[in-house]
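Got a structure for you, questions after.
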Amino acid sequence: MRFSQLYAPTLKEAPSDAEVISHALLYRAGFIRKTAAGVYSYLPLAKRTLSKIENIVREEMNAIGAQEVTMPIIQPAELWKITGRWEDYGPEMMKLKDRHDREFTLGPTHEEVFTQVVKDELRSYKQLPVFLYQIGPKYRDEIRPRFGLLRAREFIMKDGYSFHDSQESLDEAYEACTRAYSNIARRIGLHYVITEAASGAIGGNESHEFVSFAPVGETNLLRCDRCGYSSNDEQAPYKGEYSKSDDVEKALTLVHTPNVKTVEQVAQFLNVKPSQIVKSLLFVGRNGFVMALIQGDRELNMEKLKVHVNDQSLRLAEPKEVFEAFGVPIGFIGPVGVKDLHVVADHGVKYMKNVVVGGMKEDHHYINANLGRDFTVDSYTDLRVVQPNDPCPNCGAPLSGSKGIELGHVFKLGTKYSKSMNALYMDQNGELKPFIMGCYGWGVSRTMAAVVEQLHDEDGIIWPKSISPFEVIITTVSMQDQNQKALAEKIYRDLMEKGIEVLLDDRELSPGMKFKDADLIGFPLRITVGRALTEGFVELKTRNQAKPQKIKTDGGAVVSKTIEALNEYDPHRKV
RNA sequence: CGGGGCGUAGCGCAGACGGCUUAGCGCGCCUGCCUUGGGAGCAGGAGGUCGCUGGUUCAAGUCCAGUCGCCCCGACCA
């Protein structure tokens, strides 16, 4: 490819809305343009990189016996109503209607469609297991798209689904996919970790995430340096101590706390520690309100609550809803005197005495409230978000925290979808049984951004060889110089003959602009044909190398040195 | 969806209190000359219904209302 013919509009300045480095660099380097909020167009450079990522994913999936298919993006609402996810997934789905007013969604994920396609054809255990996958666009109407490709409303994903007649068979596919994902991350050149994760709205009982390290990531990682445990903070169980109070129960008292709403404000106003307050949060689910109680200095893990009450549609209640139902602003909600309300508490609440809670009356809180005497709890569970320095659930050592980007997610779904969709096969004993299913996602477009987050410097992107749009760029310093021009052309042809993907910068531009573009786009290797040619040399420089090496132009060394440099190239290393 | 903010040339921005006449600046773009090792220089030039609709006014990018779009913060997940 010749740069003069390449559509790669590079920019000196980043657009003002680019918040994160991957967004700014992919934009400036001419990979992407924004079409709408959270919707991006992929230009030729991006298309090349995305294709390479897709091919790596494809090769690894094929290698474990998964078969590629393409399922429709448009899916009928009925399919989603069968499994109840039209409501559960609800607001996050892009919905549309056809001319007959029939409802559809642009697929955010494809469990229903895959199960539907398979259920009438796979009837015997002899036909199992089957593992299918596809690579294509997905649509999620995010509350707030942001961070460019990292949180888009339209994105490219590989999603796979496996169907089994036994847990052991599912375990095998799950293991295989985990290996495949490790290969993918390794071949792309990402630094990552595999963590235990929450399964969220996808459902199921076991789940792991592949998370690449990045400070802008939205996944909170918890890791144990002693035993190697790692987890998403949505999943990690709290295995620490609960502080137990032996204080004598004092008299319940309603106190005036004007305009004092948050835990911090209450603590300050009443001169108590946040750990002496019980935070009361109201959620709305399909059976109405649920009140959750947790010690004031701890964050509540909504995933844990959803699992505990077995309602994935659970969400934090709007202040308006709360006021309409209870006549109290959210800052003053509390468990004392509530009736006909499902109350769930964190284990820690059991051991607290003389706590501060909302007064269920505007501008009032109770002090010295005590469990059993003043309020009751229907059930207890672990509701805490585990934080750095909490003990490791495995070995008890303090956990450390870091941020990451979720790229891959594997789930053991079990029979959630096959049961509700009546997807049955016949086993050896002639019994009809629901498929045991697994589900495996990998974010392809997100991977491109995640790589940029890990591999860049002040000049631009530093692509790993495996997914760089081109492996080599040849920079012709002066297009007026016929010797330079001719040699650049020759190297260009020689490298292409060896199957190397090379871009020839044959533009009539000042050398500065060519160098800047090359660094910005981030090709692994640059061959400069310039002034050194008068002494019979060209220069060879990897993207992360400070100083170029000079190569004699005669004797075919250029091609061999190029191949050598590409093979040794490690984008993570600064040279 | 709630809160905050922004919409002026392809990009980044300036145009306070209502009036500098013809709405500017930098980058980019076009033409010519010159230049060719880190986003060169000189000269000339093109490009705007000031997001849209309505209102106030002798006069509106500028004030008001509505609307659309976008961005940021807020419990989202590939």
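Labels below follow one simple rule: chain letters A, B, ... track the order of the sequence lines, proteins then strands, and each chain is numbered from 1. Atoms considered below: every heavy atom in the structure, side chains included; atoms not considered: hydrogens, waters and symmetry mates.
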Practice prompt. Could you measure between the two C1' atoms, the one in B/C6 and the one in B/C50, and give it in whole Å?
Written response: 14 Å

Worksheet item: Closest to the A/Ser478 side chain: B/G12, B/G37, B/U36?
Response: B/U36

Worksheet item: Are any non-hydrogen side-chain atoms of A/Met291 and A/Leu282 less than 4.5 angstrom apart?
Response: yes

Discussion item. Strictly below 4.0 Å, N to O, side chains only: are A/Glu321 and A/Arg315 in salt-bridge contact?
Written reply: yes

Worksheet item: NZ of A/Lys306 versus C1' of B/C77: gap in Å, rounded?
Response: 11 Å

Worksheet entry | Geometric cation-pi criterion A/Lys552 and A/Phe537, 6.0 Å radius, 45° cone | yes

Practice prompt. Could you check whether A/Ala14 gets within reach of a base, just the sugar-phosphate, or nothing at all, counting any heavy atom under 4.0 Å?
Written response: sugar-phosphate

Practice prompt. With heavy atoms under 4.0 Å as the rule, sort A/Arg315 into base, sugar-phosphate or nothing.
Written response: nothing

Worksheet entry | Distance-only donor-acceptor test, A/Asp459 side-chain atoms vs B/G38 base atoms, 3.5 Å | no

Fill in: Side-chain N or O of A/Ser510 closer than 4.0 Å to phosphate OP1/OP2 of B/A40
yes

Discussion item. By nearest atom, which of the nucleotides B/C76, B/C72, B/U36 is closest to the A/Val477 side chain?
Written reply: B/U36

Practice prompt. Have a look at A/Asp517 and say if it touches a base, only the backbone sugar-phosphate, or nothing, with a 4.0 Å heavy-atom cut-off.
Written response: base

Worksheet entry | A/Arg33 CZ - B/C11 C1' separation (whole Å) | 9 Å

Worksheet item: If you pin A/Lys516 and A/Val385 to their nearest nucleotides in RNA chain B, which one's is more 5'?
Response: A/Lys516

Worksheet entry | Closest-nucleotide ordering on RNA chain B, the 5'-leading residue of A/Asp17 and A/Asp519 | A/Asp519

Item to complete: Taking atom C1' in both B/A46 and B/G28, compute the distance separating them and give it to the nearest angstrom.
Response: 13 Å

Discussion item. Taking the minimum atom-to-atom distance to the side chain of A/Leu520, which one of B/G26, B/A78, B/G39 wins?
Written reply: B/G39

Discussion item. Looking at B/G39 and A/Phe515: do their rings stack (centroid distance under 5.5 Å, interplanar angle under 30°)?
Written reply: no

Discussion item. What I'd like to find out is whether the side chain of A/Val477 reaches to under 4.5 Å of the side chain of A/Gln484, using heavy atoms alone.
Written reply: yes

Worksheet entry | Between B/G3 and B/A9 - P atom distance, rounded Å | 29 Å

Worksheet item: Considering only heavy atoms from C-beta outward, does the side chain of A/Met479 approach that of A/Lys514 to under 4.5 Å?
Response: yes

Worksheet entry | Counterpart base for B/G7, defined by Watson-Crick or G-U wobble contacts under 3.5 Å | B/C68

Worksheet item: A/Ala36 has a side chain; which of B/A78, B/A40, B/C70 sits nearest to it?
Response: B/C70

Worksheet item: So what's B/C1 paired with, Watson-Crick or G-U wobble, going by both distances under 3.5 Å?
Response: B/G74

Worksheet item: Between A/Ser445 and B/A78, does any side-chain N or O lie under 4.0 Å from OP1 or OP2?
Response: no

Item to complete: In whole angstrom, give me the gap between the P atoms of B/G55 and B/G61.
Response: 15 Å

Discussion item. Regarding A/Ala18, tell me which of base, sugar-phosphate or nothing describes its non-hydrogen contacts under 4.0 Å with the strands shown.
Written reply: nothing

Fill in: Whole-Å P distance, B/U22 and B/G41
33 Å

Practice prompt. Assess whether one donor atom and one acceptor atom, taken from the side chain of A/Arg526 and the base of B/G38, lie less than 3.5 Å apart.
Written response: yes

Worksheet item: Quick one: which of B/C11, B/C77, B/G37 gets closest to the side chain of A/Thr219?
Response: B/C77

Discussion item. With rounding to the closest Å, how many angstrom separate the C1' atoms on B/C30 and B/U49?
Written reply: 24 Å

Worksheet entry | Pairwise P distance for B/G7 and B/C34, with rounding to whole Å | 44 Å

Worksheet entry | Nucleotide of B/C76, B/C11, B/C72 approaching A/Glu142 most closely (side-chain heavy atoms) | B/C76

Worksheet item: Using 4.0 Å as the upper bound for N to carboxylate O, is an ion pair formed by A/Arg298 and A/Asp346?
Response: no

Worksheet item: Which value, in whole Å, describes the distance between the P atoms of nucleotides B/U8 and B/C13?
Response: 10 Å

Worksheet entry | Candidates B/G38, B/C73, B/C77 - which lies nearest the side chain of A/Arg144 | B/C73

Item to complete: Give the nucleotide from the list B/C70, B/C76, B/C73 with an atom nearest to the side chain of A/Met302.
Response: B/C76

Practice prompt. Please determine, for B/C42, whether a Watson-Crick or G-U wobble partner exists with both distances under 3.5 Å, and give it or none.
Written response: B/G32

Worksheet item: Considering only side-chain heavy atoms of A/Gln480, which listed nucleotide, B/G12, B/C77, B/U36, is closest?
Response: B/U36

Worksheet item: Can you say whether the rings of A/Phe210 and A/Tyr192 are parallel (under 30°), tilted (30 to 60°) or perpendicular (over 60°)?
Response: parallel

Worksheet entry | A/Arg144 vs A/Arg151 side-chain heavy atoms within contact, under 4.5 Å | no

Worksheet item: Counting side-chain heavy atoms from CB outward, which of B/G39, B/C77, B/G37 is closest to A/Lys12?
Response: B/G39

